[in-house]
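Letters A, B, ... mirror the listed sequences (proteins, then strands); counts begin at 1.
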Protein chains: 2
Amino acid sequence: MLTQNAVPSHSFCPSLGSQKGVVELMGAPMAFGRNAEIYGENEPADYLYRVVSGAVRTYRVLCDGRRQIGAFYMPGDVFGLESGHAHAFSAEAISDTKVLVIKRKALEAIAGRDSEVARQLWELTGRELERAQDHILALIKTAEERVVSFLLEMAVRASRDGQIELPMSRRDIADYLGLTIETVSRTMTHLESTSTIEMRSSRRVVLKNQATLRRLNG
Amino acid sequence: MLTQNAVPSHSFCPSLGSQKGVVELMGAPMAFGRNAEIYGENEPADYLYRVVSGAVRTYRVLCDGRRQIGAFYMPGDVFGLESGHAHAFSAEAISDTKVLVIKRKALEAIAGRDSEVARQLWELTGRELERAQDHILALIKTAEERVVSFLLEMAVRASRDGQIELPMSRRDIADYLGLTIETVSRTMTHLESTSTIEMRSSRRVVLKNQATLRRLNG
DNA sequence: CGTGCAGTTGAGCAAATTCAACGCTTGTGG
DNA sequence: CCACAAGCGTTGAATTTGCTCAACTGCACG
């Protein structure tokens with residue numbers, strides 16, 4: 001159960017390198033298979049989630065079927081945190097995924113008593129806002145710049161010994177970047193043909209020339 | 001000065017219609033002329049702001065000069081609220097603008113003591129996040145859909161007796177929607193030619209056919 | 001009365017999409 | 001074990017959307 005002593009307010013670290021804090025210390029484990037829905041748009045936002053392993057996408061669909069992916073979440077990331085009482089996006093497991101589930105009400109109750117926890121909740125929402133703002137900036141760029149932005153983001157968040165492991169399909173990438181799968185595919189092929197990246201497989205990418213990539217990032 | 005009794009925590013309203021709460025009750029008045037900078041990107045975020053009259057745009061520029069407008073703020077709106085200690089965007093007055101300036105440190109100090117104020121700060125950031133997410137969704141749409149989204153948004157936020165008063169230029173609209181001014185202009189002309197809207201002047205628009213607009217919104 | 005800025009309009013062009021075909025891998029059932 | 005279907009990714013050709021470049025109008029302001 002959630003108890004006060006599970007929430008040591010003195011453990012706060014002012015410059016949160018990754019998402020440390022109370023949210024790291026609690027939650028019930030839960031597993032989802034590939035493409036399983038974790039929650040749906042407009043469902044009550046009673047829980048938030050921390051990815052343990054696997055990967056998650058959040059998305060919305062327009063009436064005619066176009067899908068916008070809001071974000072990808074990797075191990076360590078927190079998602080499902082909404083200020084309103086309903087989820088603005090749906091969430092699905094991209095691959096088999098383990099998460100920790102945290103009761104929102106319990107967390108808010110703690111936040112009401114412990115201002116440090118309240119501050120961490122605010123901080124998480126603020127970081128999500130920054131992410132969304134960066135996403136907006138990416139969406140006004142050219143196709144090549146968007147793909148490069150994405151690869152540079154993934155290099156930080158999903159690389160193992162200099163090699164990016166993409167958990168998501170070309171369709172997911174396209175829907176994240178507001179492009180078609182063909183454009184994503186063509187752009188990556190072009191980046192490879194200029195020795196800017198290397199594709200060991202369609203899901204394994206190595207950035208060969210970071211200087212060029214940063215220049216192409218706009 | 002900021003005093004505890006300026007912050008009646010019992011005044012909290014759980015379903016904030018507009019941005020009510022502690023932020024409504026304080027702040028030093030300040031005025032900015034048309035196009036004046038209120039703050040710059042990367043400057044320390046020591047203050048937040050509430051628009052009293054006029055209008056504000058926040059924006060970022062890419063290295064080659066492309067500008068992305070993050071949001072427009074109208075009277076009653078709060079802006080400049082960042083979770084980090086630096087502003088992620090620059091802010092400028094669109095027209096002559098009056099704002100109330102609130103010291104962030106003071107507000108955070110109060111939030112540390114009063115969990116209701118902390119919750120309101122969180123709520124404001126959450127609302128900003130929702131806005132950014134809606135903006136992302138708009139940016140994957142076609143040009144016409146983006147313009148329609150914009151007009152529908154402005155109908156809610158900037159209309160007086162059934163008529164939208166746009167405080168911003170075509171360039172601002174274009175940079176908000178990720179389009180060119182020519183495309184914005186052409187699209188609006190086209191909407192007028194189909195009797196969907198009426199332009200009494202370039203800054204004064206009437207929505208003639210909301211049903212069509214909602215259909216065109218994607 | 002000119003000058004400058006904001007907005008509109010037109011013609012041609014480029015970037016990204018659409019439509020279509022094909023290769024590769026994976027899983028499934030005969 | 002093989003045949004075959006399904007999903008994913010890539011590639012090509014034609015098309016479309018929105019952009020670039022350019023001219024022109026209306027209006028505010030000196």
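- Taken residue by residue, residues 193-201 of chain A places no heavy atom nearer than 4.0 Å to DNA chain C.
- Legend: residues meeting side-chain hydrogen bond (donor to acceptor under 3.5 Å, both in side chains) with A:E145, ordered by chain and number and at least two apart, are A:T142, B:R66.
- No donor-acceptor distance shorter than 3.5 angstrom exists from the side chain of B:T212 to the backbone of B:Q210, with no hydrogens or angles considered.
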For nucleotides 14-20 of chain D, list the nitrogen or oxygen atoms of the protein found under 3.5 Å from its nitrogen or oxygen atoms, one pair per line.
residue, atom, partner, partner atom, Å
D:dG18, OP1, B:A143, N, 2.7
D:dC19, OP2, B:T180, OG1, 3.2
D:dC19, OP2, B:T183, OG1, 2.4
D:dT20, O4, B:R186, NH2, 3.1

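- Residues from residues 58-69 of chain A with heavy atoms under 4.0 angstrom of DNA chain C: there are none.
- For the 3.5 Å distance criterion, the side chains of B:Q133 and A:H135 fail to qualify, holding no donor opposite an acceptor.
- Taking the ring pair (Phe, Tyr, Trp, His ring centres under 6.0 Å) definition, one finds that B:F32 meets it with nothing, sequence neighbours left out.
- Residue pairs meeting the salt bridge (Lys or Arg N to Asp or Glu O under 4.0 Å) criterion with at least one partner in residues 149-166 of chain B, sequence neighbours excluded, are B:D77-B:R157, B:E153-B:R157, B:E165-B:R204.
- Ion pairing between A:E108 and B:R119 holds under the 4.0 Å rule for side-chain N and carboxylate O.
- A:R57 meets the salt bridge (charged side-chain N to carboxylate O under 4.0 Å, His left out) test with A:E92, A:D172; sequence neighbours excluded.
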Base versus backbone protein contacts along nucleotides 24-30 of chain D [heavy-atom cut-off under 4.0 Å; B, S, -]: -------
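- Scanning for side-chain hydrogen bond (donor to acceptor under 3.5 Å, both in side chains) contacts around A:R170 gives an empty result, with sequence neighbours left out.
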List every contact pair, protein side and nucleotides 22-25 of chain C side both N or O, where the distance is under 3.5 Å.
none

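- With sequence neighbours excluded, no residue forms a salt bridge (charged side-chain N to carboxylate O under 4.0 Å, His left out) with B:K98.
- Considering only residues two or more places apart in sequence or on other chains, A:F79 meets the ring pair (Phe, Tyr, Trp, His ring centres under 6.0 Å) condition with A:Y49, A:Y73.
- Rounded to whole Å, the distance from CE on A:M168 to P on D:dG9 is 11 Å.
- Residue A:R203 places at least one side-chain N or O closer than 4.0 Å to OP1 or OP2 of D:dG9.
- Look at CG on A:L166: it is 15 Å from P on D:dC8, rounded to the nearest Å.
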